[in-house]
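Note sheet for the following structure.
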Number of protein chains: 2
Amino acid sequence: MVKKKKVSILDIAKKLNISKSTVSFIVNGKARERRISEELTEKVLQVVKEMGYKPNHLAQSLATGKTNSIGLIVENISDSFFSNIASLIEEKAYNSGYEIIYSSTNDDVAKTKSLLRMFRERQVDGYIICPPIGVEEEIRALIEEGTPVVLFDRHLPNVAADYVGTDNQESTYAACDFLYGQGFRHIAFVTLVSAQSQMQERLAGYQGLIAAHGLESYLLEIPYQLRDTSAIERIGAFLEAHPGIDAVCFATNYLAVRGLQAMQRLGLKIPGDIAVVAFDDIELFQLYSPPITSVAQPMEEISNTLINILLQQLQAVRLGSKGKKVIIPSRLTIRESTRKVST
Amino acid sequence: MVKKKKVSILDIAKKLNISKSTVSFIVNGKARERRISEELTEKVLQVVKEMGYKPNHLAQSLATGKTNSIGLIVENISDSFFSNIASLIEEKAYNSGYEIIYSSTNDDVAKTKSLLRMFRERQVDGYIICPPIGVEEEIRALIEEGTPVVLFDRHLPNVAADYVGTDNQESTYAACDFLYGQGFRHIAFVTLVSAQSQMQERLAGYQGLIAAHGLESYLLEIPYQLRDTSAIERIGAFLEAHPGIDAVCFATNYLAVRGLQAMQRLGLKIPGDIAVVAFDDIELFQLYSPPITSVAQPMEEISNTLINILLQQLQAVRLGSKGKKVIIPSRLTIRESTRKVST
DNA sequence: ACCTTATGCTAAACCGGTTTTTCTTATGTC
DNA sequence: GACATAAGAAAAACCGGTTTAGCATAAGGT
């Protein structure tokens, strides 16, 4: 139970009566480059192995200024979309020698600021951020410092950061247009009260379709705080208040889940009484009865793009990010919930 | 775009023509204790604020040996169970000033060892680990070093680590017993080929019930590698091969999902043709049609217990963990899928 | 024989803090 | 007036590495 003292580079040096710089060079594979003899190199590596020397990462980071860690800031790690992204990013990062430090914002500005501060103090090498509105200053500051940053899911106006996201507006339009094509004419849109870019884009997609065909708009906006608790009642009340609605497009996966529960409670049959489309394809939608048509974001591609852009920035000779926006189109996965039932 | 130089403690000291130790004491609130004059204290804090000085966390960690970070090693962060635990733990940790570095093992021993090595080099202060079999040595080594460690979900034989888990055997027995009580007599158990403690315990729970009532055993064990890909076919074939089965207990949430898909394909009605119980309560089970009875692990309690035990170890004066096992009982959530249908 | 260059390694500064030790000066006590 | 003590702050060692500059010695060129 006694805390064994870890072997340091100095211990190795002393053991062989050489200087620690020599050990450092050898351990870092710079023996040849520094013209250190084969013989000594061998000996040092031998002792390193014997004594089980592992470099102290903190000391290394302090000296080099690189921590080999990436800060991943998501809205909520327990959300299927984010946990999948996290899983994919982690694997990629790990393969490139980076570790992930993650945290959930819950779209809380104060918490996010505090997280950014913590990450900054920890000197993470780069950031992958799903930003709430209100942290523009902080992110701009990071970028100006030359720190690699990529935003995803939503971007921030007036922040020239690299960004990876999906074609929210187009794919929402397409989803609603598909409903239209199936013959539905009273299409509702259930979304969050949110100024976030991705939500605004999705809303614009819906409104675009409404305008294009001169349909009546049925819009329900739910406050973020109520997305779990009372969303079911809200949606239920909304559907009861507008019995004419024959199809609903949900702007997020969790809203769709609440919506399905509301429909169950009201005894509405899908798609007979009402058709359903959801944004984000979660496992539930495939298994639900009936299976739910949804807009599937290509998570693997998004994750790959994110990590690639970040790694590129990390390697780059500080050119500063140019605010490159990469849009990865979503795919509409058509299932039973949008089948037109002959009346 | 020019990398602004961060202000260091030395910058502050120089500015005021004092020593950096004085600054350090003041910044760390030890001014009084170190008998530093009110006057100087004020001045220093003023300059600290003006220059926007933030201590370098790496340097602090190097000097103190504390990194204020916790390594969280789960099987797969994209699994709902683990991502929920992660989310809850992160929040708690954050409130105690700790950050989480996480990683998924995918039950790969080599990867886990490499992760443990990385975390160790990074000097994380403590570990929360869902361990695959095969890392006993490494974990024992951590504990012997005096590093705080808590295992969860499954424990390792011969590793005297603190552990938090659920009553796998009892709750599986209870789930199957509930099926028995509903009148089902041909109860199958679908599990993984796995020597992990939690899987063995669940299996034992099933076998206990079978033995208690002298029932016929229907056991299907699926290799971990096939849990996604071909599990549907496997389960389907199994059910077809044993048409007498009137109820199935699934040992994990994802096996249950595959099982439900298999049943869909075979056109089996739940619970009319076959009853279903699953381990772990995921959102899908509540919304599935019919809703699926499941064994719900109390995630919040598990997370709280985990972080509390770890924080306790972190504060403790190195007594070494005593291999305390905390078992938190699961709750059977009864839903439609296990209703006895009169024949 | 002398200068140059290559070889092989060491010394020392540095990264940015924490913490123990030491020093100076003022004050109080007998 | 001598001496102990306290106040206030500086100095220095340390954490464990990286990296630049430098110093011997040997080999090669003329």
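Below, chains carry the letters A, B, ... as their sequence lines are ordered, and counting in each starts from 1.
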For [N], does OP1 or OP2 lie under 4.0 Å from any side-chain N or O of [X]?
{"X": "B:N28", "N": "C:dT18", "result": "yes"}
{"X": "A:S24", "N": "D:dT18", "result": "yes"}
{"X": "A:K66", "N": "D:dT18", "result": "no"}
{"X": "B:Q60", "N": "C:dG16", "result": "no"}

In whole angstroms, how far is the [atom2] atom of [N] from the [atom1] atom of [X]?
{"X": "B:E38", "N": "D:dA9", "atom1": "CD", "atom2": "C1'", "result": "16 Å"}
{"X": "A:I9", "N": "C:dC15", "atom1": "CD1", "atom2": "P", "result": "18 Å"}
{"X": "A:L58", "N": "D:dT18", "atom1": "CG", "atom2": "C1'", "result": "15 Å"}
{"X": "B:L10", "N": "C:dC15", "atom1": "CG", "atom2": "C1'", "result": "11 Å"}

Discussion item. Other residues, nucleotides and ligands only: do more than 12 of their heavy atoms fall within 6.0 Å of NZ on A:K15?
Written reply: no
Worksheet item: Is A:N95 atom CG crowded by more than 12 heavy atoms from other residues, nucleotides or ligands, each under 6.0 Å away?
Response: yes
Worksheet item: Can a donor-acceptor pair under 3.5 Å be found between the side-chain atoms of B:S21 and the base atoms of D:dA11?
Response: yes
Worksheet item: Taking atom types as they are modelled, is there a donor-acceptor pair under 3.5 Å from the base of C:dG17 to the side chain of B:K20?
Response: yes
Worksheet item: Ring centroid separation for B:F152 and B:Y163, is it under 6.0 angstrom?
Response: no
Could you run down the sub-3.5 Å N/O contacts of the protein with nucleotides 21-28 of chain C?
from   : atom 1 : to    : atom 2 : distance (Å)
C:dT21 : O4     : B:R34 : NH2    : 3.1

Classify [X] by what it touches in the nucleic acid, base, sugar-phosphate, or nothing, heavy-atom distance under 4.0 Å.
{"X": "A:T64", "answer": "sugar-phosphate"}
{"X": "A:I36", "answer": "sugar-phosphate"}
{"X": "A:S8", "answer": "sugar-phosphate"}

Worksheet item: Angle, rounded to 10°, between the helical axes spanning five pairs at each terminus of the helix from C:dA1-D:dT30 to C:dC30-D:dG1?
Response: 60°
Worksheet item: Does a donor on one side chain sit under 3.5 Å from an acceptor on the other, for A:Q46 and A:E50?
Response: yes
Worksheet item: Cut-off 3.5 Å, side chains only: do B:S21 and B:S24 have a donor facing an acceptor?
Response: no
Response to the item:
Judged by nearest nucleotide, the residue sitting upstream toward the 5' end of DNA chain D, B:S37 or B:A63, is B:S37
Worksheet item: Under the 6.0 Å and 45° cation-pi test, does B:K111 pair with A:Y94?
Response: yes
